[in-house]
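Have a look at the structure below before the remarks.
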Amino acid sequence: MRDYTSSVSPKGQITLPLEVRDRLGIKPKDKVIITLEGEDIRIAPVKSRLAAGFGIAPPLKEPRTLKEIMDIAREEHAQEVAAEGL
């Protein structure tokens with residue numbers, strides 16, 4: 001564990017030291033979550049839902065046209081409705 005010192009600006013802002021930003025992967029415009037634990041403050045990067053989901057589904061072997069995508073969606077919807085008995 002290492003301690004860092006930063007000053008508080010008149011607007012209540014602090015600067016995270018470069019080593020901390022690098023270690024946590026925090027870049028300009030990223031969001032952080034600040035947690036108050038008694039008299040201690042914990043700062044952690046907010047995980048992007050988009051970034052967290054990136055790469056979960058493998059890419060298609062062949063690109064699909066919009067018509068093909070719509071046809072697949074209609075077929076899947078029809079199967080769900082049929083399974084519900086509606």
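Residues take their numbers from the sequence shown, with the count starting at 1. The model shown is predicted, which means the values in this text are computed figures rather than measured ones.
Nearest heavy atom pair, residue V46 against residue I33, reads CG2-N, 3.7 Å.
L16 places a side-chain heavy atom less than 4.5 Å from the side chain of I26. Under the 4.5 Å side-chain criterion, counting only non-hydrogen atoms from C-beta, T15 is in contact with R21. Between I41 and I34 the shortest side-chain heavy-atom distance falls below 4.5 Å.
Judged as a side chain to side chain donor-acceptor pair (under 3.5 Å), and not counting sequence neighbours, E80 has no contacts. Applying the side chain to side chain donor-acceptor pair (under 3.5 Å) criterion to Q13, with sequence neighbours excluded, gives no partner residue. Residues forming a side chain to side chain donor-acceptor pair (under 3.5 Å) with R23 (at least two apart in sequence, or on another chain): none. Qualifying side chain to side chain contact (heavy atoms under 4.5 Å, CB included) partners for D71, counting only residues two or more places apart in sequence or in other chains: K67, R74. Partners of L66 under the side chain to side chain contact (heavy atoms under 4.5 Å, CB included) rule, at least two apart in sequence or in another chain, are M70. With sequence neighbours excluded, the residues that form a side chain to side chain contact (heavy atoms under 4.5 Å, CB included) with L60 are R64.
V32 and L18 are not part of a single hydrophobic cluster, where members link through side-chain heavy atoms under 4.5 Å apart.
With values rounded to the nearest 0.5 angstrom, E19 atom CD is found 8.0 Å from D22 atom CG. Taken from OG in S7 to CD1 in I14, the straight-line distance is 10.0 Å, to the nearest 0.5 Å.
Checking side-chain atoms of E75 against main-chain N and O of I72 turns up no donor-acceptor pair under 3.5 Å.
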